[in-house]
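Every chain is numbered from 1 and lettered A, B, ... according to where its sequence line falls, protein lines coming before strand lines. All of these numbers come straight from a predicted model, not from anything done at the bench.
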Amino acid sequence: MMNDPNLYDYWPYRNRPRIEWPGGKKLAFWVAPNIEYYEFDPPKNPQRPGWPKPSPDVVGYSQRDWGNRIGHWRLMELMDKYGMRGSISLSTGLIDHHPEIIEACVARDWEFFSHGIYNTRYSYGMNEAQERAVIEDSIRSVQVATGKRIRGYLAPALTHTERTFDLIAEYDFWYTCDLFQDDQPQPIKTKSGQLMSMPYSLEVNDVITYGQLAMTPQRYADVLKRQFDQLLEEGTRSGTVMCIPLHAYLVSQPHRIRAFESALAHIYQNSSDVWITTAAEIANHFRTSYWDQTISDISARGLTRPGTGFNP
Amino acid sequence: MSLPDDYLTYPRRQYGMDQDLYPWRPVQAGKSVALPGDRNLAVALIVPIEHHGLNPSGKPFKHPGAMVTPYPDLRHYTTRDYGNRVGVFRILDALDHAGLKATFPINAMALERLEPLVHAIQSAGHEIAAYGLSTDHIHWGGLDRAVEETWIAETTSLFAAKGLAPTTWMSPARQQSFATPVLLAAGGYKICLDWEMDEVPVEMTTDSGPLTCLPLSNELDDRLLLIDRRQSEEDWLAQILAAIDCLCAQPERFGSRTLGITLTPYVIGQPFRIAALRAILRQLSTDRRVFVENVTRICEAYRLASQSSTS
């Protein structure tokens, strides 16, 4: 076990070379609805139970089912109103359970990326063949359902192994949402491929804000507005990324959705310098236009360290 | 079943403290010290620079901010690292904009990795303090004295290797052993940020010389209030402003007070929180009652003021 994962080099925020998003925009903004399936009776991973309470966790399970039956649809219609497309963090097993949701997202030209098969199956303890099987299953399932190749990864329930990043890079994923060290993308040090970290944010993720930080709906809206204002201001120096990671079983609740809408409205009304887009489009722009510039800047500052992730 | 008889003996039951580090002094007793320029309050801004490893021992307890989920907990590793990469530069910009100086305790073992940050702190004229070896080197009552002595010496030499000679110390997790004060004094440290028993700097006497304790408020700690206690940025801001007003209120009775405020990069350096810090710094930089400086200058100002008031 390693104390420093060496997945990326230390790269201080100040005086970085300029990033400009398409059309001279300062902030790349994306919304990440998590469309998840939690199993009724998941097998136990030795390191973590599928549910915090003994299965069946009826309230936890049915609240998430409410998200699939009602919540996603309410959120989709809200995002339609502001012309925002989603980049979906998908439990790919949901494709088999609820194809209507997938079809509705395809019809909106939303992007899909992998969030594992089920959010109740963790990566802890997987051997390489098992982890490859999950990744290949994710790619294949979305390809069959939508005709599109996924390019992004967010490990199920944020559970990883030391080889996760090398594997997804090898399978030609472009971005990982698993790392929260920055408000700008950065190349990840993998043995092969061209993988970048995509700013996703736990700090303004609705699971954290409503749950861990116990925010009221209005406070969460205020936090999102301030997050946006600050990152847009800093984007004048060099383009920043803001993501709102969402879970419909939380944000689409009838007592929360209107306060949340006020945040989307604020962003929409102040979007003249904002690229409202998807994660894959941000990744594509960064890897084609700014990958080399970033590597050179880190090198020029003398901050490049040898080795790759978990492999110093 | 019963307890041993000595459980009901009280060997230090007497007037004053039950330890010999510093004397008892109630707030109204003794001579109060007034800082020059009618400054009723000295404010020390403390920005802890800590590196949280992916595989901490967690002994004797987990440092605040340490990993939470099973290895590899990249979620918490990277959210803490955000502070050292991004958040701290927002704090530096805000300090610079307000024209204020702070003190940055740094884990000695992080000096190498964070070298550009160390230079940015230095070139902005802030004080650098020693913050132990790492978040996984907690000084505590069960730590062997010789080991603790080595840790302090290693900390000092890692700073020296970078051309730095800090004389202010903060312990990881602000935890100490019974020997920490004397070992710090022996190691050349003059000021410690672990103790908060007063509203003025307090001088400890140790067998190796004095050690000044500048109070740092745990009850206003941004991580504690905003994360552990889930308070809002507005509430944090309001409490700090209330503390400033209270501490400035009775200079004729108590002289100049001191308040230490912690600004944790991965907490207050978040984009949605930084406006609250800017509001506090704006208030501090325009309030004529307040003297904001690094801890060494604050302790020096108290020393000079107390000399002139006794002569």
Between [X] and chain B, which part of the residue has a heavy atom less than 4.5 Å away: side chain, backbone, both or neither?
| X | answer |
| --- | --- |
| A:D222 | neither |
| A:Y10 | both |
| A:F165 | side chain |
| A:L232 | neither |
| A:R301 | neither |
| A:L7 | side chain |
| A:E234 | side chain |
| A:T161 | backbone |

(message) Need one label for B:L92: side chain, backbone, both or neither, based on atoms under 4.5 Å from any heavy atom in chain A.
(response) both

(request) Sort B:R229 into side chain, backbone, both or neither according to what part of it lies under 4.5 angstrom from a heavy atom of chain A. (result) neither

(request) Among A:L158, A:D4, A:T159, A:D182, single out the residue with the greatest number of heavy-atom pairs under 4.5 Å to chain B. (result) A:D182

Option in [options] with maximal non-hydrogen atom pairs under 4.5 Å from chain A:
| options | answer |
| --- | --- |
| B:P116, B:A275, B:G87 | B:P116 |
| B:R90, B:E115, B:M67, B:R273 | B:R90 |
| B:R278, B:H51, B:H76 | B:R278 |

Salt-bridge test for [X] and [Y]: reply yes if a basic N is under 4.0 Å from a carboxylate O, no otherwise.
| X | Y | answer |
| --- | --- | --- |
| B:R85 | A:D183 | no |
| B:E234 | A:R226 | yes |
| A:R219 | B:E233 | yes |

(message) Can you give me the closest heavy-atom contact between A:V204 and B:F272, atom names plus distance?
(response) CG1-CD2, 3.8 Å

(message) The test is salt bridge (Lys or Arg N to Asp or Glu O under 4.0 Å); show your working for B:D93 and A:R14 and say whether it passes.
(response) CA-CA 10 Å; B:D93 285 348; A:R14 189 178 276 175; 2.8 Å; yes

(message) Which residue in the set A:T176, A:D178, A:L179 passes side-chain contact (heavy atoms from CB on, under 4.5 Å) when paired with B:L74?
(response) A:L179

